[in-house]
Participant: 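Please find one structure pasted underneath; my questions will follow.
Nothing here was measured: the structure is a model prediction, and the numbers come from that model.
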Amino acid sequence: MRIDGGHDTGRKTRIPRHIAIIMDGNGRWANQRGKPRTFGHMAGAKTVREIVEHSRRTGVGCLTLYAFSSDNWSRPQDEVTALMRLFRRHLAAETPKCVENDVRMSVVGRRDRLSPELVHAIAAAEDATRDCASLHLRLAVDYSARDTMVRAATAAQGRELSRDAFSSLLASVNHDDGTAGDVDLLIRTGGEQRLSDFLLWECAYAELVFSRRMWPEFGTADFDAAIEDFHGRDRRFGGLSRAI
Ligand code: FPP
């Protein structure tokens with residue numbers, strides 16, 4: 001493991017250990033084609049599959065995808081219902097493939113507002129892939145970084161905490177085992193340049209790459225270009241440049 005947050009895979013390039021993606025632009029991509037927004041989400045699910053397969057091949061350790069933010073509950077009911085159905089189907093359909101390809105799947109975020117069927121599908125996917133180790137795929141569903149921090153602080157009950165202890169509390173309120181660690185590279189598609197309440201604590205020293213591509217058209221070449229961009233960054237973590 002390299003100290004700058006990437007790891008050597010035997011190839012010349014350094015692969016970010018933990019990549020997080022804000023998958024934005026499904027709705028606009030569909031609108032541009034005169035289709036409903038849910039059509040964009042379905043196309044987005046295909047991109048998820050491609051990028052997961054590619055991440056595994058590339059040697060990424062952990063991939064966290066922002067599938068549904070806690071603020072997304074304010075979207076029209078039919079869109080929310082379609083997204084929840086898509087997540088449930090995706091989890092069920094992808095589980096055997098994940099087992100076959102040694103991909104561990106887990107879901108971070110709140111579960112108390114999800115349907116029992118979705119909670120059951122999450123538990124089944126997590127159980128079936130628990131021992132897979134080639135890639136850890138995390139889907140963030142009903143996730144809010146700020147809400148997570150408030151709940152972790154509440155759970156601390158006034159105790160003084162180290163950073164590691166706070167990280168563990170963040171993980172536990174999110175049904176997470178805490179192994180994902182800090183984000184090395186955060187990619188946002190869809191042309192916007194903001195974090196939208198995603199992994200605010202874990203992205204403290206993440207390198208940020210913003211792509212103008214809408215998520216359904218984001219391909220493996222775009223993913224590789226983001227990693228290339230990452231390679232060009234001088235990660236100092238608050239210290240001095242390696243060049244000095
Ligand atoms: C943002 O695009 C996307 C979402 C809120 C949902 C992400 C969901 C998927 C990619 C579908 C499949 C996911 C899984 C895990 C199966 P937007 O709707 O905000 O797009 P817009 O900014 O163009 O309106």
Side-chain angles (χ1 to χ4, degrees), residues 1 4-7 15-26 44 47-48 51-52 55 58 60-73 83 87 103-114 122 126 135-156 161-211 215 218 222-223 226-227 229-230 233 235-238:
M1 179 70 69
D4 50 2
H7 66 277
I15 302 301
R17 191 191 62 78
H18 184 179
I19 298 183
I21 307 185
I22 301 176
M23 310 179 288
D24 197 12
N26 292 348
T47 306
V48 167
I51 295 300
V52 169
S55 296
T58 308
V60 173
C62 180
L63 178 70
T64 306
L65 303 177
Y66 206 5
F68 192 87
S69 85
S70 296
D71 290 325
N72 288 151
W73 290 115
L83 277 169
F87 298 149
V103 174
R104 177 180 164 208
M105 231 193 313
S106 67
V107 174
V108 295
R110 289 180 64 160
R111 297 208 183 158
D112 56 319
R113 301 187 287 199
L114 305 180
I122 291 169
E126 289 182 338
L135 168 70
H136 183 186
L137 166 65
R138 301 195 313 160
L139 301 179
V141 177
D142 196 2
Y143 177 87
S144 154
R146 293 202 292 192
D147 179 55
T148 300
M149 287 191 263
V150 168
R151 286 185 295 128
T154 306
L161 297 173
S162 64
R163 288 183 184 182
D164 283 349
F166 189 67
S167 292
S168 299
L169 276 181
L170 286 182
S172 70
V173 299
N174 269 327
H175 304 273
D176 186 24
D177 68 0
T179 57
D182 281 353
V183 174
D184 297 303
L185 169 64
L186 177 116
I187 302 170
R188 182 178 185 135
T189 64
E192 310 289 356
Q193 303 192 356
R194 55 178 169 255
L195 293 178
S196 298
D197 202 12
F198 190 41
L199 301 174
L200 300 181
W201 172 269
E202 296 85 344
C203 280
Y205 281 103
E207 297 298 327
L208 310 181
V209 171
F210 299 103
S211 166
W215 177 250
F218 186 80
D222 301 307
F223 186 84
I227 292 179
D229 199 337
F230 175 85
R233 307 286 176 94
R235 300 191 81 195
R236 296 195 294 279
F237 297 95

Participant: Identify, with sequence neighbours excluded, every residue that meets ring pair (Phe, Tyr, Trp, His ring centres under 6.0 Å) alongside F198.
Facilitator: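 F198: ring pair (Phe, Tyr, Trp, His ring centres under 6.0 Å) contacts with Y66, Y143.
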Participant: Within the 4.5 Å heavy-atom criterion, are M23 and T47 side-chain neighbours or not?
Facilitator: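 M23 vs T47: side chains apart.
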Participant: Suppose we screen for ring pair (Phe, Tyr, Trp, His ring centres under 6.0 Å). Which residues come up paired with F87, at least two apart in sequence or across chains?
Facilitator: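 By the ring pair (Phe, Tyr, Trp, His ring centres under 6.0 Å) rule, F87 matches no residue at all.
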Participant: Do L199 and T64 have side-chain heavy atoms sitting under 4.5 Å apart?
Facilitator: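 L199 vs T64: side chains touch.
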Participant: Taking the side chain as every heavy atom from C-beta outward, state whether L170 and M149 have any atom pair closer than 4.5 Å.
Facilitator: yes
Participant: Strictly distance-based, threshold 3.5 Å: is any side-chain N or O of R17 a donor or acceptor partner for the main-chain N or O of A180?
Facilitator: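 Here the side-chain-to-backbone pair exists.
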Participant: So how far is it from D24 CG to R194 CZ, rounded to the nearest 0.5 Å?
Facilitator: 7.0 Å
Participant: Taking all atoms of both residues into account, what is the closest heavy-atom pair of A226 and L185, and its distance?
Facilitator: O-CD2, 4.1 Å
Participant: Do W201 and T148 make a side-chain contact, defined as non-hydrogen atoms from C-beta onward lying under 4.5 Å apart?
Facilitator: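 No. Closest side-chain heavy atoms not under 4.5 Å.
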Participant: Does any N or O in the side chain of R233 come within less than 3.5 Å of the main-chain N or O of L208, such that one atom is a donor and the other an acceptor?
Facilitator: yes
Participant: How far does OG of S211 sit from CD1 of I22, to the nearest 0.5 angstrom?
Facilitator: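 Answer rounded to 0.5 Å: 12.5 Å.
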Participant: Might you point out which heavy atoms bring R235 and Y205 nearest each other, and give the distance in Å?
Facilitator: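 Looks like NH2-O, 2.7 Å.
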Participant: Would the distance check show the side chain of T58 and the main-chain N or O of V60 forming a donor-acceptor pair, the cut-off being under 3.5 Å?
Facilitator: no
Participant: So, using side-chain contact (heavy atoms from CB on, under 4.5 Å) as the criterion, who are the partners of D176 when residues are at least two apart?
Facilitator: V108, R138, A171, N174
Participant: If we only count heavy atoms from C-beta on, is the V48 to W215 side-chain gap below 4.5 Å?
Facilitator: yes
Participant: Sequence neighbours excluded, which residues qualify as side-chain contact (heavy atoms from CB on, under 4.5 Å) partners of D142?
Facilitator: S70, W73, R110, R113, L114
Participant: Looking only at heavy atoms, what is the nearest atom pair of S196 and R188, with distance?
Facilitator: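 So the two residues come closest at OG-NH1, 2.8 Å.
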Participant: Looking at residues at least two apart in the chain, or sitting in another chain, which of them share a salt bridge (Lys or Arg N to Asp or Glu O under 4.0 Å) with D197?
Facilitator: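 For D197 there are no salt bridge (Lys or Arg N to Asp or Glu O under 4.0 Å) partners, ignoring immediate neighbours.
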Participant: Could you measure the distance from the CZ atom of F230 to the CD1 atom of I19? Nearest 0.5 Å is fine.
Facilitator: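 That separation rounds to 8.0 Å.
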Participant: If I compare all heavy atoms of S106 with all of H136, which pair ends up nearest, and what's the gap?
Facilitator: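 Looking at all heavy atoms of both residues, the shortest contact is OG-NE2, 2.8 Å.
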Participant: Quick one: pull up OG1 in T189 and CZ in F210 and give me the separation to the nearest 0.5 Å.
Facilitator: 11.0 Å
Participant: What residues form a salt bridge (Lys or Arg N to Asp or Glu O under 4.0 Å) with D177, not counting sequence neighbours?
Facilitator: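 With neighbours one apart ignored, the set is R104.
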Participant: H18 versus D182: any side-chain heavy-atom pair under 4.5 Å?
Facilitator: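 Sidechains of D182 and H18: no contact.
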Participant: Hey, what do you get for OG (S168) to CZ (R163), rounding to the nearest 0.5 Å?
Facilitator: 14.0 Å
Participant: Just wondering, do N72 and S69 contact through their side chains at under 4.5 Å, heavy atoms?
Facilitator: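 Yes, side chains in contact.
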Participant: When you compare the side chain of P16 with that of I227, does any pair of heavy atoms fall below 4.5 Å?
Facilitator: yes
Participant: Looking at every heavy atom in both S162 and A165, which two are closest together, and how far apart are they?
Facilitator: OG-N, 3.0 Å
Participant: For side-chain contact (heavy atoms from CB on, under 4.5 Å), just list the numbers for E126 and V107, CA-CA rounded to whole Å, side-chain angles, deciding distance to a tenth of an Å, and then say yes or no.
Facilitator: CA-CA 8 Å; E126 289 182 338; V107 174; 4.1 Å; yes
Participant: For A152 and L169, which heavy atoms make the closest approach, and how far apart are they?
Facilitator: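 Of all heavy-atom pairs spanning A152 and L169, the closest is O-CD1, 3.5 Å.
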